[in-house]
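To start, the structure itself, in structure tokens.
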Amino acid sequence: MDNLTIARLLEETASLLEIDAADPFRIRSYHRAAEAIQQQTTQLETLVHDPKALLAIPGIGKGMATNVVDLVTTGTMPIRAELLAKYSPTLLELLNLPGMGPKTVALVWSALGVTDIDSLEAAAKVGHLDDLPRLGKKFTDKLLKGIQDYRSNSSRFRIDLAAEYAAKISALIHAFPGIDQVTPAGSLRRGRDTVGDLDLLVTGPACEPAIVAAAVEHVATLPLIHKLLAKGQNKVAFTLENNLQVDVRLLPRASYGAALQYFTGSKMHSVALRQRALKQGLTLSEYALARLDDNSIVAAKSEEDIYNALGLDYIPPELRENSGEIEAAESHSLPHLITLKDIRGDLHMHTDATDGRDTIRQMAQAALDRGLHYIAITDHSKALAMTNGLDDRRALAHIQRIREVDAEFQQQHDGKFRILPGIEVDILADGSLDLDDSTLAQMDIVIASVHSHFNQPLQEMTDRVLRAIENPHVRILGHPTGRLVLKREPFAINLDTVLRRAAQLGVAVEHNAHPARADLNDLNLRLAKQLGCKIVVNTDAHSTEDLDIMRFGITQLRRAWLTPQDLLNHHPTAKSLLTHLRPKP
DNA sequence: GCCGTTTTCGGCCCGACTGTTTTCAGTCG
């Protein structure tokens, strides 16, 4: 049983305990344990015989360790079995509906015998909910709409798309006089690869409490609002046509830091900060960090002020997951995270020779314009017929052209910019590559990627990739997990085994910067670093503007606590890069 | 159920909004 499954089962148990009206603090410990387990890079099932290792995880005590051992060895645990005997597991789905919390779920279950969304909808339609305490016609109407929305669309949004919407809405809000700043917060600012909703923090003179009503009204009447969910004194929530939820909070400039901290989260990080504040005789809210005794404000204007006042170094948003960053900030040992300008090269891109849009020259110029020092042109090989993939003859002709353009650019720029000849070669079903070794020998950069036959069993898939990287010409393993965000399940591969072998062989693993193709998440990246893998971040650009998506890749690397030195393409020149790649045979 | 610069008990983050309430419980982030 993998960590994600263990975490999910604990999370479910927490929800069942909530419906069961158990001790709220006991419930929270289940949530905390689930959260902590999700962030472990070591698989817990390998630790069940080592109680000390389990207990070392913050949030896991004696009781929870027993639960984990039970889950791994028997597939369930006593408390879960007990709750499931009482409640139907389909009740849990009701919690996803707006306005339905554990108390209300328990109420409709006990009073009306509702067990799932269908029976809830039926009960609501005939007006049974109206008779229950606390509920009424308005609640019922809202719920019925909520059920419709939930059925039609309940997914998360990719970060690059969410960022576009955020920019669009920000511009509209900004048009109101007296608004200085619209800052995206929430999981968008933390750089999660998908976001559930948009959080926008609005500040400026128009947000002062006495006059904020006008600005709130402006936001609540934006033309792109599909449905207004809530409107209060300084808060507006609505959905867009595509069902993306947007939460806007308008707060005075003096509270900017506190507000941004609060609105950025993550929730667990904020809770931990607030607990820390209490221990220091302080209290933290979205308005300020203040003293408990006389309410005097200690810090509020900037996030830096708040962190510092709590005895912490500033913590970058990407690290705010309550997974050790607060302890590191306290001991001044936060890593110097990688930034976009640390990246000097991009080793994976396509041209019009295969399925790219632009020429070698155009790609090179675009990379140069973006401050890169070197690139590799790595078009597809012949197995990908639909991309017009290159066979051996065309591949050799192509790298000849690459060399010509490289010579041209070197002359123009004093040898300060290099274009490396490369290929993205396909790993066939049996683990062999679809081009001759003699062709690959001509390439500086050989990326081996799986593009087809994703549905093989785990062991076969793993063996296939393992065999491919044994080929001494392969220098980079492309999309190692095949994980395509929100599009397709990852192909099953034993990533641990593959990363270990890649580390031994000196084969680099690629982190694809494109949010739609990003296949190593922050956890995978942390594992890769732990195992001593070389890591490279590439855009896999198919057009010149695709090169800009590097910033999304960087965000994921930051979430994995990576520094510039952890990345191969932080090397300043193509020459130094090549010496750090797997040596050519 | 976890945890300890107040360590084996007694705490456990903070505030806004909604609906159906005349003072608040539940939900949400």
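Computation of the quantities below employed the complete heavy-atom set of this structure, encompassing side-chain atoms and omitting hydrogens, waters and symmetry-equivalent molecules. All chains are named by letter (A, B, ...) in the order of the sequence lines, taking the proteins before the strands, and each is independently numbered beginning at 1.
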Rounded to the nearest angstrom, tell me the gap between atom [atom1] in [X] and atom [atom2] in [N].
X: A:K235; N: B:dG29; atom1: NZ; atom2: P; result: 8 Å
X: A:R26; N: B:dG10; atom1: CZ; atom2: C1'; result: 17 Å
X: A:H31; N: B:dC12; atom1: NE2; atom2: P; result: 18 Å
X: A:F263; N: B:dG29; atom1: CZ; atom2: C1'; result: 8 Å
X: A:L292; N: B:dC13; atom1: CG; atom2: P; result: 13 Å
X: A:R249; N: B:dC28; atom1: CZ; atom2: P; result: 16 Å
X: A:L97; N: B:dT18; atom1: CG; atom2: C1'; result: 17 Å
X: A:N234; N: B:dC14; atom1: CG; atom2: C1'; result: 14 Å

Review point. Could you walk me through whether A:L135 and A:D130 pass the side-chain contact (heavy atoms from CB on, under 4.5 Å) check?
Key: CA-CA 6 Å; A:L135 310 184; A:D130 301 359; over 6 Å; no
Exercise for review: Please tell me which of A:K279 and A:A230 maps to the more 5' nucleotide of DNA chain B, matching each residue to the nucleotide holding its nearest heavy atom.
Suggested key: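 Between the two, 5'-proximity favours A:K279.
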Review point. When you match A:Y30 and A:T104 each to their closest nucleotide on DNA chain B, which lands nearer the 5' end?
Key: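 This one resolves to A:Y30.
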Would you indicate what [X] reaches in the nucleic acid, counting non-hydrogen atoms under 4.0 angstrom: base, sugar-phosphate, or nothing?
X: A:Q245; value: sugar-phosphate
X: A:P133; value: nothing
X: A:P98; value: sugar-phosphate
X: A:R32; value: nothing
X: A:D23; value: base
X: A:L273; value: nothing

**Study point:** Base-pairing mate for B:dA25 - Watson-Crick or G-U, with both contacts under 3.5 Å
**Key:** B:dT18
Practice item. Compute both the distance and the angle, then confirm whether A:R28 meets the cation-pi test with A:F25: under 6.0 Å from the six-membered ring centre, within 45 degrees of the axis. Key: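 So A:R28 doesn't make the cation-pi contact.
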Nearest to the side chain of [X] - [options]?
X: A:K103; options: B:dT20, B:dT27, B:dC2; result: B:dT27
X: A:L278; options: B:dG29, B:dG1, B:dC14; result: B:dC14
X: A:K267; options: B:dG29, B:dG19, B:dG1; result: B:dG29

OP1 or OP2 of [N] sitting under 4.0 Å from any side-chain N/O of [X]?
X: A:R28; N: B:dC13; result: yes
X: A:S270; N: B:dG29; result: no
X: A:R274; N: B:dC13; result: no
X: A:Q275; N: B:dG11; result: no

Practice item. Step by step, work out the side-chain contact (heavy atoms from CB on, under 4.5 Å) result for A:T555 and A:E318. Key: CA-CA 7 Å; A:T555 301; A:E318 294 92 338; 4.1 Å; yes
Practice item. For side-chain contact (heavy atoms from CB on, under 4.5 Å), just list the numbers for A:T239 and A:L244, CA-CA rounded to whole Å, side-chain angles, deciding distance to a tenth of an Å, and then say yes or no. Key: CA-CA 5 Å; A:T239 58; A:L244 176 61; over 6 Å; no
**Study point:** Positions of residues 281-288 of chain A (non-hydrogen atom under 4.0 Å from DNA chain B), listed by number
**Key:**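 Those residues whose heavy atoms fall under 4.0 Å from DNA chain B, taken from residues 281-288 of chain A in numerical order, are A:T283, A:L284, A:S285, A:E286, A:Y287.
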Check your understanding: Which atom names give the shortest non-hydrogen contact between A:G311 and A:R276, and what distance separates them?
Key ->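 Between these two residues, the closest heavy atoms are O-NH2, 3.8 Å.
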Point to revise | A:I297, CD1 atom: more than 12 neighbouring heavy atoms under 6.0 Å | key: no
Point to revise | Quiz item: A:K138 side-chain donor-acceptor pair to B:dG19 base, under 3.5 Å | key: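 Result: no qualifying N/O pair found.
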**Study point:** Stepwise side-chain contact (heavy atoms from CB on, under 4.5 Å) check, A:E321 with A:R559
**Key:** CA-CA 9 Å; A:E321 301 290 346; A:R559 289 181 56 80; 3.1 Å; yes
Check your understanding: Salt-bridged, A:D20 to A:K86, with N to O below 4.0 Å?
Key ->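 Counted as a salt bridge, because a side-chain N and a carboxylate O are separated by less than 4.0 Å.
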Exercise for review: Assign the ring pair A:H269 / A:Y307 to parallel, tilted or perpendicular, where the plane angle (0 to 90°) is split at 30° and 60°.
Suggested key: tilted
